Amino acid sequence: MRRPAFLSRLPVDPFIAALLGTVALAALLPARGPAAGVADGASTGAVALLFFLYGARLSTREAMDGMRHWRLHLTVLAATFVLFPLLGLASRGLVPYVLTPELQAGLLFLCLVPSTIQSSIAFTSLARGNVAAAVCAGSFSSVVGIVLTPLLAALLLGGSGGFSPHSLASIVGRLLLPFLAGQLLRRRVGGFLTRHGKALGHADRGSILLVVYAAFSEGMVRGIWHQVTPLRLLALVGVEAVLLAVMLTLTGYGSRWLGFGREDRTAIVFCGSKKSLAAGLPMAGVLFGAHASLAVLPLMLFHQMQLMVCAVLAKRYGAGDDGPEPRRVLSHHPREVMGRSGPLAGRKAKQPGKRPAEARHRT
């Protein structure tokens with residue numbers, strides 16, 4: 001089903017609009033009492049289903065083949081799980097003057113989340129980068145993040161994230177085991193997932209919306225949202241804008257310094273500077289408990305910001321305008337003037353002002 005034309009022109013991603021609608025619903029009609037238990041149980045099952053589908057969709061063979069480009073993947077992983085966390089730790093200097101401790105913990109959690117897959121691939125393709133590398137890099141980041149994000153949260157968040165051995169057990173039971181089960185059953189269910197990919201995509205989004213509703217409902221019941229003021233939210237947006245700009249700059253110039261070609265640098269920029277909302281929301285619900293609503297707020301804002309900024313950059317990169325490496329200007333040599341394909345490929349271009357020899361003899 002195609003989206004209406006007026007929705008296509010909206011600056012807000014439709015999924016973000018659905019998330020905001022879910023937050024509004026949780027604010028107006030939060031789950032209380034027995035309903036809260038039902039919502040929590042449903043979100044737990046939805047998260048398990050979500051990560052089972054992640055595991056079942058990831059091709060082990062493609063992942064192993066992609067390891068041949070190990071330098072690129074290590075660069076993306078370093079940006080995602082080293083540079084981002086370092087910047088997140090540096091944000092502690094903004095407490096309490098710019099950010100509250102809760103918002104800073106959410107910002108740090110944002111820096112620990114793995115990279116995206118779908119949007120990274122789409123933007124890399126639009127920018128005429130190495131799409132195959134973006135597929136593998138995004139997949140590797142998601143797989144590594146299932147294990148590394150909780151461990152980094154335990155190390156860096158400490159008590160602010162509510163992390164404990166029980167939380168680690170919950171991560172293993174609700175995220176890692178369903179993912180491994182999906183990998184083991186991939187041969188049996190892979191064909192079904194391929195045939196019903198569109199419907200299962202709606203199931204993905206529905207699961208995430210259910211997790212958000214449960215988290216924000218608990219936050220409303222506990223009165224957590226009264227701790228946030230509009231001025232603090234505005235400050236958070238400014239901090240995240242700086243964070244995104246710094247990561248785009250570091251991945252762009254860092255990949256150039258490491259000697260990658262233009263297509264590889266484009267993949268590194270779009271994979272190494274982005275964070276996955278789909279992977280982060282379920283993890284936040286497990287790690288932060290009642291404080292998950294504030295913890296996911298920075299991630300939701302950053303997700304929308306990265307989509308808008310990277311969409312503009314991808315179009316400019318694809319047009320050869322201020323990309324990671326400006327495209328070489330073609331000279332007037334006949335072989336460089338002609339394209340690589342088409343009916344005139346391999347033939348010399350006609351030079352202006354000169355006629356073929358046969359025409360000159362006729363005159």
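These numbers were taken from a predicted model, which means no experiment stands behind them.
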So which heavy atom on [X] is nearest to which on [Y], and how close?
| X | Y | result |
| --- | --- | --- |
| Leu99 | Ala235 | CD2-C, 4.5 Å |
| Leu299 | Glu240 | N-OE2, 4.3 Å |
| Met305 | Val237 | CE-O, 3.7 Å |
| Cys111 | Gly88 | SG-CA, 3.7 Å |
| Leu248 | Ser273 | CD2-OG, 3.3 Å |
| Ala79 | Thr251 | CB-CG2, 4.1 Å |

Drop me the distance from [X]'s [atom1] to [Y]'s [atom2], to the nearest 0.5 angstrom.
| X | Y | atom1 | atom2 | value |
| --- | --- | --- | --- | --- |
| Trp70 | Cys136 | CH2 | SG | 15.5 Å |
| Phe52 | Leu184 | CZ | CG | 9.5 Å |
| Leu148 | Ser141 | CG | OG | 9.0 Å |
| Tyr317 | Phe123 | OH | CZ | 12.0 Å |
| Asn130 | Cys271 | CG | SG | 9.5 Å |
| Leu236 | Leu231 | CG | CG | 11.5 Å |

(request) Verify side-chain contact (heavy atoms from CB on, under 4.5 Å) between Leu103 and Thr100, making sure each step is shown before the conclusion. (result) CA-CA 5 Å; Leu103 289 179; Thr100 64; 3.3 Å; yes

Cluster link [X] to [Y], ILVMFWY, side chain under 4.5 Å:
| X | Y | result |
| --- | --- | --- |
| Val38 | Leu209 | no |
| Leu29 | Leu20 | no |
| Leu244 | Val98 | yes |
| Tyr253 | Val242 | no |
| Leu210 | Leu281 | no |

Check whether any side-chain heavy atom of [X] lies under 4.5 Å from a side-chain heavy atom of [Y], and answer yes or no.
| X | Y | result |
| --- | --- | --- |
| Arg128 | Thr266 | no |
| Asp264 | His69 | yes |
| Gln104 | Arg92 | yes |
| Val113 | Met283 | no |
| Leu107 | Leu110 | yes |
| Glu263 | Val131 | no |

(message) Quick check against the 3.5 Å criterion: does Thr149 have a side-chain atom that pairs as donor or acceptor with the backbone of Ile146?
(response) no

(message) Closer than 3.5 angstrom, by distance alone: can the side chain of Arg71 be matched with the main-chain N or O of Phe260 as a donor-acceptor pair?
(response) no

(request) Go through the steps to decide whether Ser276 and Ser142 satisfy the test side-chain contact (heavy atoms from CB on, under 4.5 Å), and finish with yes or no. (result) CA-CA 8 Å; Ser276 173; Ser142 297; 5.7 Å; no

(message) So, applying side-chain contact (heavy atoms from CB on, under 4.5 Å) with Phe81, which one of Val76, Leu112, Val144 is it?
(response) Val144

(message) Given Ser91, which partner from the list Val95, Leu87, Leu94 fulfils the side-chain contact (heavy atoms from CB on, under 4.5 Å) test?
(response) Leu94

(message) Do Lys275 and Phe302 form a cation-pi contact, if we require the NZ or CZ to be under 6.0 Å from the six-membered ring centre and within 45 degrees of the ring's axis?
(response) no

(request) Evaluate the criterion side-chain contact (heavy atoms from CB on, under 4.5 Å) for residue pair Met308 and Val312; output intermediate values, then yes/no. (result) CA-CA 7 Å; Met308 297 173 66; Val312 175; over 6 Å; no

(request) Examine the side chains of Thr116 and Lys274 and answer whether a donor and an acceptor come within less than 3.5 Å of each other. (result) yes

(request) Would you sort out whether Phe270 and Ile121 count as a side-chain contact (heavy atoms from CB on, under 4.5 Å), showing the intermediate values? (result) CA-CA 8 Å; Phe270 289 113; Ile121 296 170; over 6 Å; no

